[in-house]
There are 2 protein chains.
Amino acid sequence: MKPPDDPPADSRAETPEAPPGASASGLSPKAARTRAHILETALRVLRERGYEGATMRLIAEEAGVAVGSAYYYFPSKDHLIQGFYAQLHVDHLAAVGPLLEGSKSLDERLAAVMRTKFETAAPYHGFSGALFKTAADPDSPLSPFSADSGPTRDESKALFRSVVDGAGLRKRSPLHAKLHELLWLYQMGLILYWIHDRSPGQERSYRLVDRTVPIVCRLVRLASNPLLTPVVKPALALMEEFCGPAPRAHGGSEPGTSPS
Amino acid sequence: MKPPDDPPADSRAETPEAPPGASASGLSPKAARTRAHILETALRVLRERGYEGATMRLIAEEAGVAVGSAYYYFPSKDHLIQGFYAQLHVDHLAAVGPLLEGSKSLDERLAAVMRTKFETAAPYHGFSGALFKTAADPDSPLSPFSADSGPTRDESKALFRSVVDGAGLRKRSPLHAKLHELLWLYQMGLILYWIHDRSPGQERSYRLVDRTVPIVCRLVRLASNPLLTPVVKPALALMEEFCGPAPRAHGGSEPGTSPS
DNA sequence: GTTCAGATTTGAACGCGTTCAAAATGAAGC
DNA sequence: GCTTCATTTTGAACGCGTTCAAATCTGAAC
């Protein structure tokens with residue numbers, strides 16, 4: 001029914017009497033309970049049956065409501081599934097937190113973050129591809145670059161900021177201020193590899209971490225060398241232009257490689 | 001820009017008595033004609049109606065066959081759409097060819113390749129997201145890392161090899177042998193940005209090319225400096241391990257390809 | 001208690017990609 | 001001509017995500 005070039009798909013026009021699709025606030029207690037119950041059921045079914053097995057009909061049936069009710073609270077299956085990402089991020093944070101306590105080197109901190117990321121997501125590797133598929137769609141609310149996933153994305157970047165800040169780095173380098181963005185992008189690339197990784201236990205992904213982390217960190221340390229100034233300086237200016245000053249109001253934002 | 005009656009460009013040979021889903025060879029003349037006709041119609045409808053508007057039913061109707069016939073020749077809509085990529089690549093090659101004739105600098109050659117890439121794909125930017133969505137799925141035959149898209153991927157990498165070879169580069173650097181792989185990856189990142197780019201005419205993507213190409217090329221030239229050896233050498237060794245020995249047939253950055 | 005305008009819930013229905021048993025066609029031997 | 005067999009074609013049917021007009025419920029105002 002939709003003509004091409006459809007308008008922006010709204011996402012969140014959170015006026016006070018907005019439809020309950022976006023968040024839990026502004027709902028009657030009963031409605032909030034129904035919404036939460038549907039979401040819980042959806043995540044459970046997703047765990048049990050995978051992405052394709054978790055049909056809207058099944059979720060609704062298990063939750064004891066009609067399919068229409070699920071769509072009353074969540075604009076689409078994708079929105080419903082987005083809770084999955086948030087949960088994954090929370091689990092990941094809980095897992096890395098202790099490992100980042102001690103003030104270790106950047107190498108150790110980076111490797112710890114990525115390894116725990118893989119470990120946390122391992123149970124869902126089987127259908128990570130299906131998830132990534134919808135996440136890659138620029139129009140999907142699950143896209144790591146979409147407005148809808150902004151909070152999750154920011155939290156993820158904040159993690160990398162703490163990774164950088166906690167490492168004993170010479171704060172002299174102007175790279176320091178943007179490093180967490182670059183590491184976030186690096187993480188995206190690793191996740192992209194992990195998603196495609198069919199080796200047993202995704203062992204190749206772990207190996208890729210072990211082999212790339214030292215290179216990345218060596219590069220970071222080298223960046224302050226004057227020889228690299230003609231590369232580092234314009235690169236930082238570039239980031240300033242493209243990521244720095246919140247560009248357009250529109251959804252399109254920055255490049256990258258995969259979801260969180 | 002509108003070659004509706006192009007030859008299928010199916011130069012690659014499939015196993016002789018393979019099922020008709022894979023390629024055009026090994027079919028009775030009539031069957032081959034039917035297959036080609038369905039493919040042509042599909043690409044035309046795709047151009048006219050976009051990805052979502054090009055339903056299998058519509059394609060079949062316009063081709064004058066039943067939907068089942070389309071599925072007899074093509075395992076899925078994705079496989080059918082794959083011809084689109086091949087056509088795009090052919091158009092791109094025709095567009096860059098002349099620009100690469102003169103032996104210009106690496107900067108010019110790289111920028112020319114990417115700009116023509118964007119120009120060639122511009123008419124389809126509207127539904128590139130929908131295409132990319134299915135392409136991102138590791139299980140999809142449209143994934144740039146999948147076995148099904150191996151030929152197209154290899155051709156694309158060959159283009160970057162010619163970009164590197166044609167530039168007046170000091171062949172001394174061991175980076176030289178792997179550079180085309182890295183540039184292919186760089187291209188992937190740029191395309192990802194382009195897909196998400198909502199600026200008018202994708203002008204930001206062009207700007208991103210103009211600003212990143214000099215940085216990339218400066219980095220390439222710097223790579224032979226001894227100071228960077230501790231980064232370049234392990235990086236190349238890493239590529240050797242992950243892309244080099246080709247654990248399976250196609251030499252992508254993908255690990256083992258046995259389907260789960 | 002009655003009314004009535006929301007908020008909430010329902011489930012049949014739509015169009016999609018895909019499947020598959022059955023029908024139609026073609027080729028080869030008689 | 002007829003029979004036999006594989007190749008090709010068909011279209012109804014399935015399950016999916018999604019939509020929506022109608023039904024039901026809720027609670028404030030009377």
Side-chain angles (χ1 to χ4, degrees), chain A residues 1-3 6 9 15-21 24-38 42 45-46 49-61 63-82 127 130-131 133-134 137 139-142, chain B residues 16-21 24 26-38 41-42 45-46 49-61 63-82 127 130-131 133-134 137 139-142:
Chain A
M1 288 272 290
K2 306 185 125 187
D6 217 21
T15 51
E17 65 278 40
S25 41
L27 291 180
S28 78
K30 179 162 178 279
R33 228 179 310 122
T34 307
R35 198 192 116 101
H37 180 229
I38 292 174
V45 174
L46 189 71
R49 320 282 280 245
Y51 183 80
E52 310 203 331
T55 71
M56 290 300 281
R57 275 168 244 270
L58 180 59
I59 291 171
E61 186 186 359
V65 299
V67 287
S69 287
Y71 279 94
Y72 180 72
Y73 290 104
F74 301 92
S76 73
K77 183 180 178 180
D78 288 350
H79 278 87
L80 190 43
I81 298 303
Q82 204 169 8
F127 58 95
L131 280 177
K133 169 178 173 166
T134 83
D137 183 357
D139 299 327
S140 164
L142 265 73
Chain B
E17 62 277 48
L27 291 179
S28 78
K30 175 159 181 281
R33 229 179 309 122
T34 306
R35 197 192 116 101
H37 180 230
I38 292 174
T41 307
V45 174
L46 189 71
R49 321 282 281 243
Y51 183 80
E52 309 201 333
T55 70
M56 290 300 282
R57 275 169 246 267
L58 181 58
I59 291 171
E61 186 186 357
V65 300
V67 285
S69 287
Y71 279 95
Y72 179 72
Y73 290 104
F74 301 92
S76 74
K77 183 180 177 180
D78 289 349
H79 279 87
L80 190 43
I81 298 301
Q82 205 169 7
F127 58 95
L131 279 177
K133 170 178 172 166
T134 81
D137 183 358
D139 298 327
S140 163
L142 266 75

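A quick note: this is a predicted structure, and the numbers were derived from the prediction, not measured.
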Checklist entry - Rounding to a whole Å, what distance do you find between B:Tyr73:OH and C:dT19:C1'? => result 18 Å

Checklist entry - Do A:Ser76 and A:His79 have side-chain N/O donor and acceptor atoms under 3.5 Å apart? => result yes

Next on the checklist: Let me spell it out: for each of B:Tyr71 and A:Gly68, pick the nucleotide of DNA chain C with the closest heavy atom. Which residue's pick is nearer the 5' end?
Outcome noted: A:Gly68

Item to check | Atom-to-atom span, OH of B:Tyr72 to C1' of C:dA24 - whole angstrom | outcome: 13 Å

Next on the checklist: Please determine whether any donor N or O and acceptor N or O are separated by less than 3.5 Å between the side chain of B:Arg57 and the base of C:dG17.
Outcome noted: yes

Checklist outcome for this item: Here the gap from B:Tyr73 atom OH to B:Thr34 atom OG1, rounded to the nearest 0.5 Å, amounts to 4.5 Å

Checklist entry - How long is the gap from CE on A:Met56 to OG on A:Ser69, to the nearest 0.5 Å? => result 10.5 Å

Checklist entry - So B:Thr41 and B:His37, side-chain contact (heavy atoms from CB on, under 4.5 Å) or not? Walk me through it. => result CA-CA 6 Å; B:Thr41 307; B:His37 180 230; 3.7 Å; yes

Next on the checklist: Using whole Å, what does the distance between atom C1' of nucleotide C:dT9 and atom CZ of A:Arg35 come to?
Outcome noted: 17 Å

Checklist entry - For A:Lys30 and C:dT9, what is the distance between atoms NZ and C1' respectively, to the nearest whole Å? => result 8 Å

Next on the checklist: In this structure, how many angstroms lie between the P atom of D:dC16 and the NZ atom of A:Lys77, rounded?
Outcome noted: 9 Å

Item to check | Separation of atom CG in B:Leu58 from atom C1' in D:dG11, rounded to whole Å | outcome: 17 Å

Item to check | Value in whole Å for how far the C1' atom of C:dT9 lies from CZ of A:Arg33 | outcome: 15 Å

Checklist entry - Of all the choices, C:dT8, D:dT10, C:dC16, which nucleotide is nearest to the side chain of A:Ala31 once you look at every atom? => result C:dT8

Next on the checklist: Using OP1 and OP2 only, check whether a side-chain N or O of A:Thr34 sits under 4.0 Å from C:dT8.
Outcome noted: no

Checklist entry - Taking CD1 from A:Ile59 and C1' from D:dG15, how many angstroms apart are they, rounded to a whole number? => result 15 Å

Checklist entry - Looking at the side chain of A:Met56, which of D:dG17, C:dA12, C:dT18 is the nearest nucleotide? => result D:dG17

Checklist outcome for this item: Here the pair of heavy atoms bringing B:Arg35 nearest to B:Phe74 is NH1-CE2, 3.5 Å

Item to check | Closest to side chain of B:Ser76, choosing from D:dT9, C:dT18, D:dG17 | outcome: C:dT18

Checklist entry - Which part of the nucleic acid, if any, lies within reach of A:Thr55 when heavy atoms closer than 4.0 Å are counted: base, sugar-phosphate only, or nothing? => result sugar-phosphate

